[in-house]
Amino acid sequence: MVRVLLPDGSARDLPDGATAADLAASIGRRLARDALIAAADGTEVDLSAPLGDGVSYEIVTAGSERGLHTLRHSTAHVLAQAVLGLFPGATFAIGPPVADGFYYDFELPGGATFSDADLERIEARMREIIGADQPFVRREIDSAEALEVFADHPYKREIIERVSGAGDAEADPGADADPDADPGADADPGADPGADADLAAEAGSDGVVSCYANGEDFVDLCLGPHVPSTGRLGHFALQRVAGAYWRGDSDRPMLQRIYGTAWATAKDLKAHLHRLAEAARRDHRRLARELDLVSWPEELGPGLAVWHPKGALVRHLMEDYSRGRHATGGYEFVYTPHLAKSNLWETSGHLDFYAESMYPPMELDGASYYPKPMNCPFHVMIYRSGQRSYRDLPLRLFELGAVYRYELSGAVHGLLRSRGFTQDDSHIFATAEQVPSELASLLDFVLSVLRAFGFDDFQAKLSTRPPRKAVGPPEMWDLATEGLRAALESAGLDYVTDPGGGAFYGPKIDVDVTDAIGRAWQLSTLQVDFNLPERFDLHYTAPDGRRRRPVMIHRALFGSVERFFGVLLEHYAGAFPTWLAPVQASVLPVAADHAGYAAQVADELRAEGLRVEVAASDEPLGRRGRAAKVQKVPYVLVVGASDVAAGTVGVNPRAAETQRDVPLADLKARMLAEAAPR
RNA sequence: GCCCGAGUAGCUCAGUCGGCAGAGCGAUUCAUUCGUAAUGAAUAGGUCCGGGGUUCGAUUCCCCGCUCGGGCUCCA
C-alpha cells in the first residue's frame, strides 16, 4: 500500500506498484483521460512513474501551463522522429517547447535544407505517428551506453558529455554574451558553474542520462516527462524553417530549425492561428503604407525611414504631448548635436563596449567624429558645464535625441528596430538621498504618459545587481534597488525580479505594455547609473561644503519615438484615437448642391482646431464613405438637403451607429471632447 | 553578420518550358449628383531589383551584389 497526498489536502491509498496513471484513474474517468503527466512534490514525472509513499501528487492536464509545455515538448519529439525517418543521415540537436509551440533543430547531410514541401511531408508523417498512438517509454542508461546509442548524433553526444561531466565541457560561453557588459568583467574561469551544473544534477548524477523511445526505431535523449503516448497529441501545425546557430553561437554550425505550434484542443489551435493572422493584419509596415504614414525608400539604406505628411502629423502630436508633459513635469529641455569626437566616446566607454553597434567615424581635421548612438554623454557635458550645488538637484534634462545605431542587417525591422531613431531621452542627476523619491515620481510619470496613449496593462521587470562585477558601493545598489522596488509597489505595478539581470553600472526597471491583441512590448526603462558620473568625474557641492558624486538616472519613456509609433499603429490597427488621428473628420456632401454647406461645416470645425477634409461629390457617396472608412477616419459626416436647411450633419462615427440630423454644435462639442489627449 | 525564402505597374499578385509584358485595386480624364464601406467608360503607368556571364535573342538560365521577409533569446 502507498499513501499519497492530493492538492486538496486529502490522502489516498493505492496498492504497491501503482502509478500516477492509476492515481488519476482512481480519482475520476475524465481526469484519467485528460492526464498528461504528474507532479510529485512539485517535480514533473511521467504518468507511468510508480507512486512514492507519502508523496503529494498533482495530476497535470493540458489545461495548465505545465501540461501544455509537456504536450509541446512531446510534439517536438514526434517532429524529430518524423524527420529522422524521412531524411536518412539527418541528425538532431535540441527540441524544446517555447511560447505557443516548439521547435527542433536538425542538420541534414551535405548541408541540405528543408523546403516548404518537406514541411508538408513531415507534418503528414507526424500525423501518422500520432495516429499510431505510440507510447513514450522512458529509460535511464549510463552515459557510456548513451554515447553508443547516439553514436551517429554528434550534438546529442555533446550534450551527454556536458551533462554527465564525461567530456571536457568547453569554456563558459556566457562570458562574451553581453555587448553592454562590463569593461573589466572578463570571465574568470570556473567561476560560473551555473546552468550546466544544474542540468547535470537534474539529469542524475553518476553519469546516468534518461532517454525516451517511441515506435520501433526512435529514441531521443530527454529529461522528460512526456505524455503517455503520441495519441494524446495532434492539435499542432508546423510553421516555418529557420536557420539557428547551435547553442545560439554564431561561431558554431548553423542548424535548420523547424518551428511549430501546438495546443490542447483544435479550438485553441484555431484561435492561435487567428491571432497570428490578426497580428499580420496589424503589421505596422503594411498599415504605414496603406495609411500613407511612413516609407522606407531603398535608396536610403536599411532601417532608415521617411515620414509622409500624415505620419509626420501623428508623430508631431505625440512629440508635442510628450513635450507638454515634460514641461509641466519639471524637466528642462536641451539639444545636443548628432556627432561627437572619439574622445567623448572613449571617456563614456562606448568605444570599448559598444563600438560594433556604432556607425563608423568620419575623419576630418585630424579627429574622428562618430554619429551618436546615445545621448547620455552629451547630457553629462551639460551637467559638467558649471559647478553644481545640491540646491540644483535633481536636475532633469530632456531631449528628443536622434541616435544612429548600426543594427545587424538581419535585425532591422520597420520602425520597431531601425538604424536611425529618436529617443525621448531623459537624464536625471540627483543626490543619492533623492534617488528613491525621484524613482517613484519618475515611474508615476512614465505610467501616466503611457496611459494617455491608451495602454493600461503593464508588466514590469526589476533587474538587480549582477553577481560578477558591478561598479558603485553595495549600499548604493541597495538604496537604488529598494528605491526601484518601492516605486513599483507604490505604483501598484505587477513586476517580476530578474536577480543579477542588471547592467554592471546600476539596477533598472523595464516596463512592458500589453497591446490590444495581448502582445507585450518593452517600451520604458528606468536605469540607475553609478558609472558615467564616475567616468566623467561629476560632482556637486553638498550642504556641508564637500564635493559629492551625483547619481544619474537614464529614463526613456517611449523608448524610441519611431518604435512607439509603430507599436501604437499595431495596437490601434491604424485606427488612432481621435486626438491622434491625422484626419479627424471627412465631410461628404451628398450632391454638388451641398458643397457650400459642407465647406462651411469643415471651416467651423477647423476653426476649433480640428483636422477636417471635404470629399467633393464627383464620386458616389458610398464610395467616398468607404474611402474614409478605409483610412480609418474617426468621423464621417454626411450633409444633404435636410442638413443645409436645419444646420445639422449626419454623423457616422468609426465605432458606432450612424445618427442623422445631429446639430452641428453638438457634434463640435463631442469631437472637441475626444480631440484632447486624455 | 549568418541560414532559408522572396524581389514583375503606386499596391496585391499572375505570367513567360529563352522570342513584342498581364489582371485587379489605385491614379488621371470624361460622363454621372447620389443619404452612408466600391457608378460607368476611357487613358496613362514597366531598366520585370542592379551588375556581369551564357545565347542569334535573357525578365526567364548561371554568377556576384543590393533590398525585403522569417529566424539566429527559449537549452536534452
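Within every chain, numbering begins at 1; the chains are lettered A, B, ... in the order of the sequence lines, protein sequences first and strands thereafter.
- Listed in residue order, the members of residues 650-659 of chain A having a heavy atom less than 4.0 Å from RNA chain B are A:Gly650, A:Asn652, A:Thr658.
- Among the heavy atoms of the strands, none lies under 4.0 Å from A:Ala628.
- Relative to the ring axis of A:Tyr155, A:Arg252 does not place its NZ or CZ within 45° and under 6.0 Å from the centre.
- Counting only heavy atoms from C-beta on, A:Ala244 has its side chain closest to B:C72 among B:C34, B:A76, B:C72.
- Within the 4.0 angstrom heavy-atom criterion, only backbone atoms of the sugar-phosphate kind lie near A:Pro97; the bases stay farther away.
- Distances shorter than 4.0 Å separate some side-chain N or O of A:Tyr259 from OP1 or OP2 on B:C72.
- Side-chain proximity of A:Tyr406 to the nucleotides B:U12, B:G1, B:A76 is greatest for B:G1.
- Ring pair A:Tyr104/A:Phe106: centre-to-centre distance below 6.0 Å.
- B:G7 and B:C61 have their P atoms separated by 11 Å, given to the nearest Å.
- Between the P atoms of B:U60 and B:G53, the separation comes to 14 Å (whole Å).
- Across all strands, A:Thr113 comes closer than 4.0 Å only to sugar-phosphate atoms, never to a base (heavy-atom distances).
- When heavy atoms are screened at a 4.0 angstrom cut-off, A:Gly640 is found touching base atoms of the nucleic acid.
- Geometrically, A:Lys156 engages A:Phe92 in a cation-pi contact defined by less than 6.0 Å to the ring centre and at most 45° from the axis.
- Considering only the side chain of A:Ser409, B:G1 comes nearest among B:C34, B:G1, B:C11.
- Between the side chain of A:Asp46 and the backbone N or O of A:Ser48, no donor-acceptor pair lies under 3.5 Å.
- Counting any heavy atom pair closer than 4.0 Å across all strands shown, A:Asp220 reaches no nucleic acid atom.
- Among the nucleotides B:A38, B:C75, B:U39, the one closest to the side chain of A:Arg626 is B:A38.
- Look at CZ on A:Arg624: it is 18 Å from C1' on B:G26, rounded to the nearest Å.
- Comparing B:C2 with B:C17, their C1' atoms sit 35 Å apart, to the nearest whole Å.
- Here A:Arg289 reaches the OP1 or OP2 of B:U12: one of its side-chain N or O atoms lies under 4.0 Å away.
- Nucleotide B:C61 forms a pair with B:G53, judged by Watson-Crick or G-U wobble geometry with both contacts under 3.5 Å.
- Under the Watson-Crick and G-U wobble criteria, each requiring two contacts below 3.5 Å, nucleotide B:C13 is paired to B:G22.
- Within 6.0 Å of NZ in A:Lys629 there are more than 12 heavy atoms belonging to other residues, nucleotides or ligands.
- The existence of a salt bridge linking A:Arg275 and A:Glu278 is excluded, since no basic side-chain nitrogen approaches an acidic carboxylate oxygen closer than 4.0 Å.
- The residue A:Arg285 sits close only to the backbone: its heavy atoms come under 4.0 Å of sugar-phosphate atoms, none of a base.
- Listed candidates were B:A76, B:A37, B:U39. Nearest to the side chain of A:Arg623 is B:U39.
- If you take atom C1' in B:G18 and the same atom in B:C56, they sit 12 Å apart, rounded to whole Å.
- Checked against B:C2, B:G35, B:C74, the side chain of A:Met254 finds its nearest nucleotide in B:C2.
- Taking the side chain of A:Arg240 as heavy atoms from C-beta on, and the options B:G71, B:C34, B:U67, the nearest nucleotide is B:G71.
- A donor-acceptor contact under 3.5 Å links the side chain of A:Arg247 to the base of B:C75.
- Taking atom CG of residue A:Leu276 and atom P of nucleotide B:G70, one finds them 13 Å apart after rounding to whole Å.
- Taking a cutoff of 4.0 Å between a charged side-chain nitrogen and a carboxylate oxygen, A:Arg247 and A:Asp249 do not qualify as a salt bridge.
- A:Ile94 comes within 4.0 angstrom of sugar-phosphate atoms only, judged by non-hydrogen atoms across all strands, and of no base.
- The gap from the P atom of B:A27 to that of B:G10 amounts to 14 Å, rounded to the nearest Å.
- Between the base of B:G1 and the side chain of A:Tyr245 there is a donor-acceptor pair shorter than 3.5 Å.
- Among the protein residues, A:His413 comes within range of the sugar-phosphate backbone only, with heavy atoms under 4.0 Å from sugar or phosphate atoms but none that close to a base.
- Regarding A:Leu300, its CG atom lies at a distance of 17 Å from the P atom of B:C66, rounded to whole Å.
- Relative ring orientation between A:His153 and A:Phe150 is described as perpendicular, the plane-to-plane angle rising above 60° on a 0-90° scale split at 30° and 60°.
- When each of B:C72, B:G35, B:A76 is scored by its nearest atom to the side-chain atoms of A:Val209, the top-ranked nucleotide is B:A76.
- Using a 4.0 Å heavy-atom criterion, one finds that A:Gln239 contacts no nucleic acid atom at all.
- A distance-only check finds a donor-acceptor pair linking the side chain of A:Ser210 to the backbone of A:Cys222 [under 3.5 Å].
- Nearer to the 5' terminus of RNA chain B, by closest-nucleotide assignment, is the contact made by A:Gly410 (compared with the other of A:Asp661 and A:Gly410).
- On the C1' atoms, B:U59 is 16 Å away from B:U54, given to the nearest whole Å.
- Residue A:Phe106 contributes atom CZ, which lies 16 Å from atom P of B:A76 at whole-angstrom precision.
- Using the six-membered ring where Trp is involved, A:His226 and A:His73 have ring planes that are tilted, between 30° and 60° apart.
- Rounded to an integer number of Å, the gap from A:Asp643 CG to B:G35 P is 13 Å.
- The CD-P distance, from A:Gln631 to B:G26, rounds to 12 Å in whole Å.
- Between A:His77 and the options A:Asp220, A:Leu233, A:Val227, A:Thr230, a side chain to side chain contact (heavy atoms under 4.5 Å, CB included) holds for only A:Asp220.
- Of all nucleotides listed (B:C34, B:A76, B:G70), B:C34 comes nearest to the side chain of A:Pro620.
- A distance of about 40 Å separates the P atoms of B:A76 and B:C63, rounded to the whole Å.
- In this structure, A:Asp618 reaches the bases: a heavy-atom distance under 4.0 Å links it to at least one base atom across the strands shown.
- When the P atom of B:U67 is taken as reference, atom CD of A:Glu299 falls 12 Å away, rounded to whole Å.
- Residue contacts for A:Arg660: at a heavy-atom cut-off of 4.0 Å it reaches a base atom on one of the strands shown.
- Distance CG (A:Asp100) to P (B:G71): 12 Å, rounded to an integer number of Å.
- Looking at the side chain of A:Leu621, the nearest of the listed nucleotides B:G70, B:U67, B:C34 is B:C34.
- Taking atom C1' on both B:G46 and B:A21, the two are 8 Å apart, rounded to the nearest angstrom.
- With sequence neighbours excluded, the residues that form a side-chain contact (heavy atoms from CB on, under 4.5 Å) with A:Arg626 are A:Val630.
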